[in-house]
**Student:** 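Just passing along the structure, written as structure tokens.
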2 protein chains.
Amino acid sequence: MNLPLHERIRQDFETRILSGALGPGARLPTEQALMAHYDCARMTVNKALSALATAGLVDRRKKAGTFVARPRVHAMAMDIPDIGAQVAERGQSYRFDLGLRRELDGGQARPEWRVDRTVPLLELEGVHFADGTPFAWEHRFVNVAAVPEMLLADFTGSSPGTWLLEHVPWTEADAHITATGASAAQARALTVALGAPCLCVERKTWRGSEAITYVRQLFLAGAYELTAHFGPGARRDG
Amino acid sequence: MNLPLHERIRQDFETRILSGALGPGARLPTEQALMAHYDCARMTVNKALSALATAGLVDRRKKAGTFVARPRVHAMAMDIPDIGAQVAERGQSYRFDLGLRRELDGGQARPEWRVDRTVPLLELEGVHFADGTPFAWEHRFVNVAAVPEMLLADFTGSSPGTWLLEHVPWTEADAHITATGASAAQARALTVALGAPCLCVERKTWRGSEAITYVRQLFLAGAYELTAHFGPGARRDG
DNA sequence: TTCATTTTAATGTATAGACAAAATGCTGAA
DNA sequence: TTCAGCATTTTGTCTATACATTAAAATGAA
């Protein structure tokens, strides 16, 4: 296969960096040196090195040169599966029990989620079941100005998350993942002991600049796990 | 602020795409049209549109044109920060206490991590402290055939994770995130009660096809959180 | 019609040159 | 010595042009 020259140059250095031949802090040749080495124009070299800089593999500083970046915050791709679909995939039956449904407005929202006072909200609280056993609890606020159809939706059986995913694809989201002990109310809903360890996922989603929903989900330890992967290929077993 | 022209063009369209003004499938003007509109050379326009393509916001097809891409997979980018750096960032002092250090081989590795019997391994177990208080426990196996310098490294103070990150950038990784209660040994190391809720991160990393390390980390609930983000811009506050 | 072929409009790659911007490192003055 | 200012190196941006590549669209033959 005949790769473009700028791509070949880029890969040459990517390989050397990832293999460790060029360690963090190592200086790459100047563009002048590279255009002599590859016998090409400066723009071609520049394109290759700029791509590496965009990818975060190198840092470029005027006058100083191009240096292999120190690997710091590696971002991994985390799967955010639909709870119901995931349970069904394991061959278990899925159910969602709605415990609380209330209409309110932005002024009464949780401090974690700041929305305008005038925004109409829907508050939902419920429990997810797998084969009749509760395994997750969730508390959610939805901006019904953004999703008016939600007021008519029925959540006996399928979860609000599934409904939202199908009706309002989000464009932006923030998630915080922590561990926590179940509170009294949560422990009762999940029929576990007070303080039982749970995985807590807190998520805010937007469509464009419009806040869509804020949700706090508690998963019983052992009943759920998040997976993340970084790298070129698919998941491995190892 | 005087942004470069190619960056201004890029942002113009990024804004229009993210706001929904240009929906998925919408066609952007041709490079010819844009160089007329912005009164610049084609390379400048090309740089802007190529950047959008690299970012996944648009698809470009020869002869057909440039089109707004359909929203991508439901995977979020999870930050995997360096523990020590993160503690230091909060203005706290950081320390790592090594509790166990043992050299063994692949045959004695944990079942979760399958490596060849002949591979020499280093087993490490220790506790992370912030301002003198333990907040995380970790148990790690390292393939020292891949990182022989690790046998000489000193982990009194800085953690093996930090050392590895600086010396062996990985190219591939798998992570599993769960909640769990602290075991007797873990509870003792972290000076908490048996069964105290913890966030458990289990990670395997490779460089190329070579397994580098397997680590299981337990973070005390409340002392640590993972964040993930999906979407174009930076993190929001909302 | 239907299929194969040619045309053509769009992006992809590359060149050579010019000037801008920035940070390092040198030089000279206090 | 130390600090300020200057020169130089290196990357950043942009232009104008050329040819390559690809796939849509038009064309023509069966």
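Values reported hereafter were calculated over all heavy atoms of this structure, with side chains retained and with hydrogens, waters and symmetry mates removed. Sequence lines set the chain letters: A, B, ... in the order given, protein chains first and strands last, and positions in each chain run from 1.
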**Student:** Can you check whether W137(B)'s main-chain N or O pairs, donor with acceptor, with H128(B)'s side chain at less than 3.5 Å?
**Tutor:** no
**Student:** Ignoring hydrogens and angles, tell me if any N or O in the side chain of K204(B) forms a donor-acceptor pair with the backbone of E112(B) under 3.5 Å.
**Tutor:** yes
**Student:** Could you state the CG-C1' distance from L3(B) to dA20(C), rounded to the nearest angstrom?
**Tutor:** 15 Å
**Student:** Which comes earlier along DNA chain C counting from the 5' end, the contact point of A41(A) or that of T66(B), where each point is its nearest nucleotide?
**Tutor:** T66(B)
**Student:** So if I take every side-chain heavy atom of T30(A) and compare against dA23(C), dT21(D), dT11(D), which nucleotide ends up nearest?
**Tutor:** dT11(D)
**Student:** Round to the nearest Å and state the distance from R60(B) atom CZ to dA23(D) atom C1'.
**Tutor:** 15 Å
**Student:** How close or far is atom P of dT10(D) from atom CG of D59(A), stated in whole angstroms?
**Tutor:** 18 Å
**Student:** State which residue, out of V58(B), L57(B), T66(B), L52(B), fulfils the side chain to side chain contact (heavy atoms under 4.5 Å, CB included) condition with F13(B).
**Tutor:** L52(B)
**Student:** Atom CG of L5(B) to atom C1' of dC19(C): distance rounded to whole Å?
**Tutor:** 16 Å
**Student:** Would you check if there is a donor-acceptor pair between the side chains of T118(A) and D116(A) at a distance under 3.5 Å?
**Tutor:** yes
**Student:** In whole Å, what is the span from the CE atom of M35(B) to the P atom of dT11(C)?
**Tutor:** 11 Å
**Student:** Just compare dA24(D), dA16(C), dA10(C) and give me whichever is closest to any side-chain atom of R61(B).
**Tutor:** dA24(D)
**Student:** Output yes when at least one side-chain N/O atom of K47(A) is less than 4.0 Å from OP1 or OP2 of dT13(C), else no.
**Tutor:** yes
**Student:** Does any N or O donor sit under 3.5 Å from an N or O acceptor when you compare the side chain of R42(B) with the base of dG12(C)?
**Tutor:** yes
**Student:** Starting the side chain at C-beta, find the nucleotide from dT15(C), dT13(C), dA9(C) nearest to M43(A).
**Tutor:** dT15(C)
**Student:** Does a sphere of radius 6.0 Å around CZ in R101(B) hold more than 12 heavy atoms from other residues, nucleotides or ligands, not counting ones at 6.0 Å or beyond?
**Tutor:** yes
**Student:** Over how many whole Å does the gap from E31(B) atom CD to dA16(D) atom P extend?
**Tutor:** 15 Å
**Student:** Can you identify which nucleotide, out of dT8(D), dG12(D), dA24(D), has its nearest atom closest to the A64(B) side chain?
**Tutor:** dA24(D)
**Student:** Under 4.0 angstrom, heavy atoms only, what part of the nucleic acid is R8(B) near: base, sugar-phosphate, or nothing?
**Tutor:** nothing
**Student:** Any side-chain N or O of T44(A) below 4.0 angstrom from OP1/OP2 of dT13(C)?
**Tutor:** no
**Student:** N46(A) has an atom CG; how far is it from atom P of dT15(D), in whole Å?
**Tutor:** 15 Å
**Student:** What nucleic acid atoms does L49(B) come within less than 4.0 Å of, heavy atoms only: base, sugar-phosphate, or nothing?
**Tutor:** nothing
**Student:** Taking the side chain of K62(B) as heavy atoms from C-beta outward, which of dG12(C), dT10(D), dG12(D) is closest to it?
**Tutor:** dG12(C)
**Student:** Provide, to the nearest angstrom, the distance between the OH atom belonging to Y38(A) and the P atom belonging to dA14(C).
**Tutor:** 13 Å
